[in-house]
Amino acid sequence: MTVQSGLPQVTVFSLGGTIASTNNSGDAAGVTPRLGARELVDAVPQLREVAELETVAFRQTASGDLTLPDLVALAAEITKRLDAGVAGVVVTQGTDTIEETSFALDLLVRGPRPVVVTGAMRNPTLAGPDGPANLLAAVQVAASPQAAGLGTLVVFNDEIHAARFVRKTHTSSPATFRSLTAGPLGWMVEGRPRIAFRAPELRGTPTGVGEEVPAVALLKSTLGDDSRLVEQVEALGYAGLVVEAFGGGHVPAHVVPALERLAGRLPVVLASRTGGGELLRETYGFPGSERDLLSRGLIPAGFLDGLKARILLSLLLAAGAGLAGVREAFEQVNVSASAATVEAGG
């Protein structure tokens with residue numbers, strides 16, 4: 001969609017976070033989210049040369065306070081803009097949960113036009129804040145035809161990442177976002193996105209997600225772990241469990257019976273706690289190995305880490321998927337990690 005200026009139209013949704021955080025003059029209590037989408041856009045005059053911008057202050061919060069129902073509502077608003085013909089959408093938010101929220105939007109928003117999530121590691125009160133540069137790059141990507149068909153993206157520090165792969169890897173570095181398994185899809189150069197390779201369309205995405213999202217637990221395997229938390233998952237009202245296992249998908253042997261019992265009643269997804277690579281399926285055969293656990297009914301997360309596996313499982317359950325549907329959806333999503341095609345141009 002273009003307007004009289006001839007520029008593509010992009011909608012910017014703000015959710016709060018570091019990029020929007022400042023304080024009152026002389027306030028020593030720290031920064032908090034205060035700026036909305038309009039203030040963020042007005043602070044970057046170069047944006048006027050890239051796109052016609054609509055601004056929406058959707059939330060004003062630290063990203064750890066966002067919920068999956070918030071993202072379901074945001075996805076509906078994004079879809080309205082895309083259906084109306086905007087070229088793309090940018091979402092600004094806190095970085096603490098970008099790896100989760102971006103993947104949720106990847107699952108919830110369909111269609112070829114891009115949704116780009118960004119934020120900042122250095123707030124506007126500091127020397128050299130990175131928010132303006134990240135916002136400019138995000139709008140440049142959202143307005144570019146080259147970003148079509150890539151799903152939801154995270155644009156940060158002049159790199160372009162697929163939401164399905166990206167992780168936050170450092171507490172304070174502006175280069176915190178990395179895609180350890182696949183690498184970035186591309187990068188920015190002289191104000192233009194350069195797409196190095198294209199990830200396939202995401203398959204297995206949930207449809208008909210309701211406003212009520214069932215609770216899903218996430219447990220990380222640790223040295224000397226026991227099964228007490230696993231045994232309480234159902235009693236505490238969780239509708240499913242994601243286990244972040246050692247290495248390629250291993251847990252202590254004495255935890256296996258509790259996981260098998262739970263997997264007979266609820267979907268239990270097996271992921272790796274490493275944050276990179278893909279869950280093994282048929283390498284190791286000892287008690288508590290990936291072969292053992294998968295033979296007892298656990299569902300392989302594949303390339304998804306525990307955080308993203310929890311997002312997928314939660315939204316599938318919110319869409320009413322049963323155990324067989326959950327298993328099939330995880331298999332289909334994992335097809336989206338393969339068959340990437342190289343982009344010759346850029």
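Just so you know, residue 1 is the first one in the sequence shown, and it goes up from there.
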Looking at [Y], is its backbone amide N or carbonyl O close enough to the side chain of [X] to form a donor-acceptor pair, meaning the two atoms are under 3.5 Å apart?
{"X": "Thr79", "Y": "Val109", "value": "no"}
{"X": "Arg291", "Y": "Glu282", "value": "yes"}
{"X": "Lys308", "Y": "Val166", "value": "yes"}
{"X": "Asp305", "Y": "Thr274", "value": "no"}
{"X": "Ser14", "Y": "Gly16", "value": "no"}
{"X": "Thr97", "Y": "Ser63", "value": "yes"}
{"X": "Thr169", "Y": "Thr176", "value": "yes"}

State whether [X] and [Y] are salt-bridged, where the test is any N-O pair (Lys NZ or Arg NE/NH1/NH2 against Asp/Glu carboxylate O) under 4.0 Å.
{"X": "Arg310", "Y": "Glu99", "value": "no"}
{"X": "Arg281", "Y": "Glu290", "value": "no"}
{"X": "Glu234", "Y": "Arg265", "value": "yes"}
{"X": "Arg203", "Y": "Glu331", "value": "no"}
{"X": "Arg273", "Y": "Glu244", "value": "no"}
{"X": "Glu77", "Y": "Lys80", "value": "yes"}
{"X": "Glu39", "Y": "Arg34", "value": "no"}

Is there a side-chain contact between [X] and [Y] (heavy atoms, below 4.5 Å)?
{"X": "Val89", "Y": "Val116", "result": "no"}
{"X": "Leu259", "Y": "Val251", "result": "yes"}
{"X": "Leu53", "Y": "Val139", "result": "yes"}
{"X": "Phe246", "Y": "Pro252", "result": "yes"}
{"X": "Val91", "Y": "Leu74", "result": "yes"}
{"X": "Val12", "Y": "Leu40", "result": "no"}
{"X": "Val230", "Y": "Leu262", "result": "yes"}
{"X": "Thr95", "Y": "Phe156", "result": "yes"}

State, to 0.1 Å, how close [X] and [Y] come at their nearest heavy-atom pair, and which atoms those are.
{"X": "Pro214", "Y": "Glu212", "value": "CD-O, 3.6 Å"}
{"X": "Asp130", "Y": "Pro174", "value": "OD2-CB, 4.1 Å"}
{"X": "Val269", "Y": "Ala301", "value": "CG1-CB, 3.8 Å"}
{"X": "Ala87", "Y": "Pro114", "value": "O-CD, 3.5 Å"}
{"X": "Ala321", "Y": "Val326", "value": "CB-CG2, 4.1 Å"}
{"X": "Ser21", "Y": "Pro33", "value": "OG-N, 3.3 Å"}

ring-ring contact (aromatic ring centres under 6.0 Å, His included) pairs, two or more places apart, involving residues 270-292: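 Non-adjacent pairs meeting ring-ring contact (aromatic ring centres under 6.0 Å, His included): His250-Tyr284, His250-Phe286, Tyr284-Phe286.
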Would you list the pairs meeting ring-ring contact (aromatic ring centres under 6.0 Å, His included) in which at least one residue belongs to residues 295-334, sequence neighbours left out?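 For residues 295-334: Phe165-Phe303.
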Atom pair [atom1]/[atom2] of [X] and [Y] - distance to nearest 0.5 Å:
{"X": "Ile160", "Y": "Ser179", "atom1": "CD1", "atom2": "OG", "result": "11.5 Å"}
{"X": "Leu108", "Y": "Thr205", "atom1": "CG", "atom2": "OG1", "result": "8.5 Å"}
{"X": "Ser314", "Y": "Leu107", "atom1": "OG", "atom2": "CG", "result": "10.5 Å"}
{"X": "Leu279", "Y": "Leu304", "atom1": "CG", "atom2": "CG", "result": "10.0 Å"}
{"X": "His161", "Y": "Thr118", "atom1": "NE2", "atom2": "OG1", "result": "10.5 Å"}
{"X": "Leu307", "Y": "Glu100", "atom1": "CG", "atom2": "CD", "result": "4.5 Å"}

Test side chain to side chain contact (heavy atoms under 4.5 Å, CB included) on Val141 and Met188; report intermediate values, then the result. CA-CA 8 Å; Val141 171; Met188 299 298 297; 3.5 Å; yes
Between [X] and [Y], is there shared hydrophobic-cluster membership here, with clusters defined by ILVMFWY side-chain heavy atoms closer than 4.5 Å?
{"X": "Val115", "Y": "Ile98", "answer": "yes"}
{"X": "Leu316", "Y": "Val268", "answer": "no"}
{"X": "Leu68", "Y": "Phe13", "answer": "yes"}
{"X": "Leu219", "Y": "Leu236", "answer": "yes"}
{"X": "Leu323", "Y": "Val216", "answer": "yes"}

Run Leu270 and Ile299 through side chain to side chain contact (heavy atoms under 4.5 Å, CB included) and show every step you take. CA-CA 6 Å; Leu270 184 66; Ile299 298 168; over 6 Å; no
More than 12 heavy atoms from other groups under 6.0 Å of CD on Glu201: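 Counting other residues, nucleotides and ligands, CD of Glu201 stays at 12 neighbours or fewer.
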Side chains of Asp292 and Ser289: is there a donor and an acceptor less than 3.5 Å apart?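 There is no such pair (donor and acceptor under 3.5 Å, judged by atom type) between the side chains of Asp292 and Ser289.
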Thr101 and Gln93: side-chain donor and acceptor closer than 3.5 Å?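 On atom types as modelled, these side chains qualify, holding a pair under 3.5 Å.
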Any chance you could lay out the side chain to side chain contact (heavy atoms under 4.5 Å, CB included) test for Arg261 and Glu231, step after step, and finish with the verdict? CA-CA 9 Å; Arg261 288 192 296 270; Glu231 291 166 346; 3.6 Å; yes
Residues in ring pair (Phe, Tyr, Trp, His ring centres under 6.0 Å) contact with Phe58, at least two apart in sequence or another chain: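 Partners of Phe58 under the ring pair (Phe, Tyr, Trp, His ring centres under 6.0 Å) test: none.
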Qualifying residue, where the test is side chain to side chain contact (heavy atoms under 4.5 Å, CB included) with Ile78 and the options are Leu105, Asp83, Thr152: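 The option that passes is Leu105.
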Stepwise side chain to side chain contact (heavy atoms under 4.5 Å, CB included) test for Thr181 and Glu278: CA-CA 8 Å; Thr181 297; Glu278 187 168 344; 6.0 Å; no
